[in-house]
S.K.: 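Shown below is the structure under consideration.
All residue numbers refer to positions in the sequence shown, counting from 1. Predicted model only: the values in this text are computed from it and were never measured.
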Amino acid sequence: MDYGKPVLELKNDKGQVTVYRPKPEVVVVVSVGFLTTDLWTQQVPFYEQVFKEVKAIHLFRDAGEVRSFEPDYRTGQQNFGKRHKDRFIEVLFHQKSALLAMAINASKLFTGANVSAVNREAFDRRLGEVMKAKAA
C-alpha cells in the first residue's frame, strides 16, 4: 500500500523509523531493526503537532521488521499512550514475532488504549478500510 511521502524519517546505526500521514487522522509508522530510545523521543514532537491539528488519530505501526527495542522506547510509547489515550482511535501493529505481538497485546492493560498486534493481512485490511472511509 502506498502511504505517500514520509513526513518524518529517523535513522541510526541500529534501526530506523519512517512516519507517513496519508490522511490528517491517519498516521502510519514503519519501523525496522533495533529501536533505540532516541528514535521514540524524536517522534514525540510530531505527535504533539498532529494532536493540535486533529482530535484523534488511527495509528498503524508496521513493526514486522523490528528485531527488538530498548525498554525505554517501549516505556516512552506506553507513557505517551496513557497520557493521550483519548487521542488514539486505535493503535494497530503489524508484528511477525509472536513474543513481541504478545507484549503489544498485553500493553492494552497498561495504556487503556485500543492497542493490538495482528498479522500482515489483517493490518493491511484495516488500514485499507480506514483509508477508504470519509472523514467525519
S.K.: Given side chains that start at C-beta, do those of F34 and E70 come closer than 4.5 Å, heavy atoms only?
M.R.: yes
S.K.: Can you confirm whether V27 sits close enough to H58 that some side-chain heavy atom of one is under 4.5 Å from a side-chain heavy atom of the other?
M.R.: no
S.K.: Any non-hydrogen side-chain atom of R83 less than 4.5 Å from a side-chain atom of Q78?
M.R.: no
S.K.: For the residue pair V19 and P6, establish whether any side-chain heavy-atom pair is separated by less than 4.5 Å.
M.R.: no
S.K.: For V130, is there any backbone N or O sitting under 3.5 Å from a side-chain donor or acceptor partner on K23?
M.R.: yes
S.K.: Is the distance between the ring centroids of H84 and F88 under 6.0 Å?
M.R.: no
S.K.: Under the side chain to side chain contact (heavy atoms under 4.5 Å, CB included) rule, collect the residues that match up with Q42, sequence neighbours excluded.
M.R.: L10, D38
S.K.: Nearest heavy-atom pair of V26 and M131: which atoms, and what distance?
M.R.: CG1-SD, 4.0 Å
S.K.: Would you tell me whether S31 and D62 have side-chain atoms, one donor and one acceptor, within less than 3.5 Å of each other?
M.R.: no
S.K.: With the side chain counted from C-beta on, respond yes when V30 and Y3 share a heavy-atom pair under 4.5 Å apart, and no when they do not.
M.R.: yes
S.K.: Can you tell if the side chain of R61 reaches within under 4.5 Å of the side chain of F123, non-hydrogen atoms only?
M.R.: no
S.K.: Which atom pair, heavy atoms only, marks the closest approach of F60 to E90?
M.R.: CZ-OE2, 3.8 Å
S.K.: K96: what forms a side chain to side chain donor-acceptor pair (under 3.5 Å) with it, not counting sequence neighbours?
M.R.: E65
S.K.: Got N114 and I89 here, is their nearest side-chain heavy-atom distance under 4.5 Å?
M.R.: no
S.K.: Please tell me whether F69 and W40 form a close aromatic pair, meaning their ring centres lie under 6.0 Å apart.
M.R.: no
